[in-house]
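A, B, ... follow the sequence lines: proteins, then strands. Residue 1 opens every chain. Every heavy atom of this structure was used, including side-chain atoms; hydrogens, water molecules and symmetry mates were not.
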Amino acid sequence: MSALEEEYRLDYFEEEGFERKECPSCGAHFWTRDHDRETCGEPPCAEYEFVGDPGFDEPHSLEEMREAYLSFFEDHGHERIDPYPVAAERWREDMMLTIASIADFQPLVTSGETPPPANPLTISQPCIRMQDIDNVGKTGRHTMAFEMMAHHAFNAREDVEGEYAYEGEVYWKDRTVELCDELLESMGADITEVTYIEDPWVGGGNAGPAIEVIYKGLELATLVFMCMERDPEGEYELKDGNRYSFMDTYVVDTGYGLERWTWMSQGTPTVYEAVYPEMIAFLRENAGIDHTEEEVDLVNRAARLSGNLDIDDVDDVEAARGEIAAELGIDVAELRELVEPLEAIYAIADHCRTLAYMFGDGIVPSNVETGYLARMVLRRTKRLCDTVGVDAPLDELVDMQAERLGYENRDTIRDVVRSEVEKYRETLERGGRRVEAIAEEYAERGEPIPTEELLELYDSHGIQPDMVAEIAGEVGAEVDRPDDFYSLVAARHDTPEEAEAVEGSGDDRFDDLPETETLYYDDQQRTQFEAVVLDVFEREEGYDVVLDQTMFYPEGGGQPADHGTLSTDDATVEVRDVQREDGVVLHRTDGDLGKGEFVKGQIDVTRRRRLMRHHTATHIVIHAAREVLGEHIRQAGAQKGIDSSRIDVRHYDRISRAEVKEIEGVANEIVMDNTSVSQEWPHRNEAEAEHGFDLYQGGIPPGTNIRLIHVAEDVQACGGTHVARTGDVGAIKIRSTERVQDGVERLTFAAGDAAISATQEVEDALYEAAEILDVSPQEVPETADRFFEEWKARGKEIDDLREQLAAARAGGGGGGEEVAVGEATAVIQRIDADMDELQATANAVAEDGTIAVIGSARDGAQFVVAAPEGTGVDAGEVVSELAARVGGGGGGPPDFAQGGGPDGEALEEALADAPDVLRRVLNA
RNA sequence: GGGCCCAUAGCUCAGUGGUAGAGUGCCUCCUUUGCAAGGAGGAUGCCCUGGGUUCGAAUCCCAGUGGGUCCA
């Protein structure tokens, strides 16, 4: 059947007397030493045989098993490699979290562009997979965080030499299976019980044969032989429907689940008890879960049964629970009551480990990317704790795992957790109030809370429908929750498909040109050079000049391009922009110097110096920020400039004014220390081994060798130009901080003369303010405060006086014309005052049942009409008639209306007509 | 990176273009008293900032700032 069937006919299987069989139950092909065996041995074709009956000689703890594995492979010629961070986004852009050990070596090593850190190598790589999050705790075997133990060998075909970063074959399929057998045997496994199931692997554009290793019902390892790549012309069509062909490189990619091996060695009911027994014990005690012997027995039997059920999503779990309950002869509800608290506790332990990995590796909770995943996991964990009654603070629980995992930044981890839990608490509180108000409203009307409202609550306020239902229940409101709730949420986010921005590269004009030799790293202080014009291309505006070598820095790494001039003996052209395409540097000029000309290049020194100061300052500021705010500080983006630069850093809180000052202090100390700024070009593996992934603050550069910039103790991979000594930066001034998104703070700063200008700007503003207030700058805050207070007090006083004035006017008949309108009296009066005063006067007049028509010629013409109840006059209508006469409009409630228009001259006439208008309105 | 929501009294929030509100807290007085409480009166506001539309904007539009939230 399998297109790769031939690939599994290993000499090793032959020599060891394996037989290839087809599982009668699931149809899978597998290899076994046991000629009597029938099924493949993997659930659902088998059950967990090791629960209560460990499959290895000795019980191992997680740490012991990891060490046993790594040293086994060390003894068999592999070099042990330190694990990579779980935040895969730090060295690759196509993946947020590390989901497998091979992720560490993609894409550069697997493609053969970069040599592996060792070959062959062995590693135990912490991984996080969010896909199974709902199953964690329930199935007994799913975990979100796990360590994938692995050995990898990177091979290249013998017939291709020099093209790839590694050569020849280390070992391939036979040896890989043999090593697996030997490892199992060394653990005391009965290898006649092991089955090797054929299961071709496809993923991420690569593919190859793969083997699942099953022992006593548990999949212990997957051996992947990555050797094909997607190729429309390829001769093999694999299970994803695409065609593949063989590559020149072929990679042994194994994955041994540390947790499962540990579990196998202990035979506990679930993997969780084997992996973090102390934490499970702590949580059980904390939640007050105490089972009788009989109950313990039931739980264990249920656990064992869960093995032979194919559980892939939550619906299945619920169905499976029914089957298990039937098998055990108890009620489903009873079973659920028994195991659900345990499931919650297992999940809490696992989630806390996930959080410890995430925060330990510097992920900061946020509304974007990995930060968002971390936030979701944390909130979920907090909910689980609340449901099951675990009252230990979450930061303590995460810390238990962080300690076990050996993280050194545990204080920061706890800070992050505490701050995030607090944010969640606030969200819940806000949400709770909101839901209560809405629920009461609908309860009163006797309607269910509509789906639209639920969507809004979830999408904009983060309130789960469950929570709405719960609160609504308390006030007696129903909730209209459709089954496809989450797809409705998704529909809300559907935006019209954006036209794919086609990268209009397709520019092959430069294909024949050699890569431009770049001089700007050789001596970063030089600003003049000589070169030959290789070619000139006309552009819409100006020209692209290509030279054989250049000192002009092309835009890149957040550093803008150099400006300057190119000149021959007779002509000079301005360079206004410099770009780089496929290694060819294009100088955008305003003139054509002619192909083959010999030119002198001169860089705009002032501009370049400023850029260099800002670039070095960027390194200094991020280093200082890390010192002040914590080890988790990482660059999330940067842009250098002439007058100021900015860096975005990941941080879980706003940066306070005090912290800004401290960062500024540390940064300027580094400047004053005047240490040298140096560059080097080490092999990337050496650089990574020595400095870790913190090197890549500004992105991951390609190539085998990378350029490192040392500024004081700070080391970063960087392609920019830098000053020679930190003192050359002059001074660093942080101008502002800004929260660019949740978990990302932007620091804007200026260096050198720009720092001085920035300071002067702020000073100018302060001095100007001081001058206006006629006080010294130091007294500005106090004076401003006093003025503001006085200003407010005067506003109140004016209001008071206005009312008094209005009362006096109304009482004293102050010049208003009195007319009779039906039963009532109306006062028509002109006072050229502002709206507030007109209103106050009208109010005062209306106080004793008199109709008031007040007009003003300030700002055109304005009217206020008050018509107390019982006068039979609609103030709104009166105003709109009057306002029409001054070219405007107006309106308001029947007892009090305002209006006006631009024609102030017509005011008198309008007021003169007012009695008529009043009477007409009365009669209407 | 994208979407959505929010910003009004110390706090929590109403307020659909026409005189800025409620609850709570605060102050004063009264009643009662072991505490809690009850009654009456009072003070609170650049309605986030800046533009625009309008006779008129807390309200509508645009931009900014600050916060929240969902998704990849």
Side-chain angles (χ1 to χ4, degrees), chain A residues 93-96 130 365-373 375-376 379 423-424 426-434 436-438 441 452-453 455-464 485-496 498 636-637 654 736-742 744 746 787-789 791-796 799-800 802-803 806 834-844 846-847 852 854-866 875-876 879-880 882-904 906-907 910:
Chain A
E93 276 149 27
D94 57 340
M95 193 180 272
M96 295 202 281
M130 309 271 295
S366 153
N367 60 344
V368 293
E369 294 168 353
T370 44
Y372 181 63
L373 300 182
R375 171 165 288 169
M376 289 301 104
R379 291 185 173 189
K423 278 187 190 171
Y424 186 43
E426 280 170 21
T427 297
L428 286 184
E429 206 180 279
R430 228 189 338 262
R433 284 194 302 259
R434 196 174 190 94
E436 255 172 69
I438 291 172
E441 187 188 321
E452 190 51 36
E453 199 81 60
L455 282 171
E456 174 73 13
L457 282 169
Y458 178 69
D459 201 25
S460 298
H461 304 285
I463 306 161
Q464 250 87 6
F485 181 76
Y486 288 98
S487 39
L488 288 176
V489 174
R492 278 191 146 209
H493 291 272
D494 265 348
T495 43
E498 276 176 48
R654 295 307 311 264
S736 66
T737 62
E738 172 184 6
R739 195 196 73 146
V740 57
Q741 30 179 239
D742 201 11
V744 180
R746 173 167 297 172
F787 276 30
F788 188 52
E789 290 303 321
W791 173 78
K792 286 194 284 189
R794 275 173 210 216
K796 266 176 246 166
D799 283 345
D800 278 351
R802 245 186 209 135
E803 266 168 50
D834 66 14
M835 208 31 135
D836 285 344
E837 205 165 325
L838 301 194
Q839 287 174 347
T841 306
N843 265 332
E847 197 81 331
I854 315 291
S856 160
R858 200 183 274 187
D859 292 332
Q862 296 191 306
F863 302 98
V864 174
V865 176
V879 161
S880 89
L882 292 176
R885 289 162 202 249
V886 294
D895 64 326
F896 200 90
Q898 313 68 358
D903 187 2
L907 178 67

(message) Among residues at least two apart in sequence or on other chains, which ones pass ring-ring contact (aromatic ring centres under 6.0 Å, His included) with Phe787(A)?
(response) none
(request) Measure the distance from CE on Met376(A) to P on G68(B) and round it to the nearest whole Å. (result) 13 Å
(message) Looking at Asp799(A) and Lys796(A), is there a salt bridge between them, counting it only when a charged N and a carboxylate O are closer than 4.0 Å?
(response) no
(request) Quick one: list whatever passes salt bridge (charged side-chain N to carboxylate O under 4.0 Å, His left out) with Arg654(A), sequence neighbours left out. (result) Glu745(A)
Nucleotides 10-13 of chain B: which of its N/O atoms have a protein N/O under 3.5 Å away?
{"from": "U12(B)", "atom 1": "O3'", "to": "Arg433(A)", "atom 2": "NE", "distance (Å)": "2.8"}
{"from": "U12(B)", "atom 1": "O3'", "to": "Arg433(A)", "atom 2": "NH2", "distance (Å)": "2.9"}
{"from": "C13(B)", "atom 1": "OP1", "to": "Arg433(A)", "atom 2": "NE", "distance (Å)": "3.2"}
{"from": "C13(B)", "atom 1": "OP1", "to": "Arg433(A)", "atom 2": "NH2", "distance (Å)": "3.3"}

(message) Taking any heavy-atom pair under 4.0 Å as a contact, classify Gln898(A): base, sugar-phosphate, or nothing.
(response) base
(request) Go along nucleotides 44-51 of chain B 5' to 3' and tag each nucleotide: B for a protein heavy atom under 4.0 Å from its base, S when only backbone or sugar atoms are that close, - otherwise. (result) SSB-----
(request) Determine the contact category for Arg654(A): base if any of its heavy atoms lies under 4.0 Å from a base atom, sugar-phosphate if only primed atoms, P, OP1 or OP2 are that close, otherwise nothing. (result) sugar-phosphate
(request) Specify the residue among Gln741(A) and Ala897(A) whose closest nucleotide of RNA chain B lies further upstream toward the 5′ end. (result) Gln741(A)
(request) Return the 5'-most residue of the pair Phe896(A), Ala636(A) with respect to RNA chain B, ranking by each residue's nearest nucleotide. (result) Ala636(A)
(message) Whether Arg433(A) and Glu436(A) form a salt bridge (side-chain N of Lys/Arg under 4.0 Å from carboxylate O of Asp/Glu) is what I want to check.
(response) no
(message) Can you tell me if Tyr458(A) is stacked onto the base of C70(B), using a 5.5 Å centroid cut-off and an angle below 30°?
(response) no
(request) Go ahead and write out RNA chain B as dot-bracket, 5' to 3': ( ) for pairs within the strand, [ ] for ones crossing earlier pairs, | when the partner sits on another strand, dots for unpaired; Watson-Crick or G-U wobble, both distances under 3.5 Å. (result) (((((((..((((....[..)))).(((((.......))))).....(((((..]....)))))))))))).
(message) Going by ring-ring contact (aromatic ring centres under 6.0 Å, His included), name the residues that satisfy it together with Tyr458(A), two or more places apart in sequence or in a different chain.
(response) Phe485(A), Tyr486(A)
(request) Send over the distance from Glu453(A) CD to C5(B) C1', rounded to a whole Å. (result) 12 Å
(message) Taking the C1' atom in each of U12(B) and C55(B), what is the distance between them to the nearest angstrom?
(response) 37 Å
(message) For a quick check of understanding: with a heavy-atom distance under 4.0 Å over all strands, which category does Gly462(A) fall into, base, sugar-phosphate or nothing?
(response) sugar-phosphate
(message) What's Glu738(A) touching, base or sugar-phosphate or nothing? Going by heavy atoms closer than 4.0 Å.
(response) sugar-phosphate
(request) Tell me what Gly860(A) touches on the nucleic acid: a base, only sugar-phosphate, or nothing, going by heavy atoms under 4.0 Å. (result) nothing
(message) Using a distance-only criterion (donor-acceptor N/O pair, under 3.5 Å, no hydrogens), is the base of U69(B) paired with the side chain of Asp459(A)?
(response) no
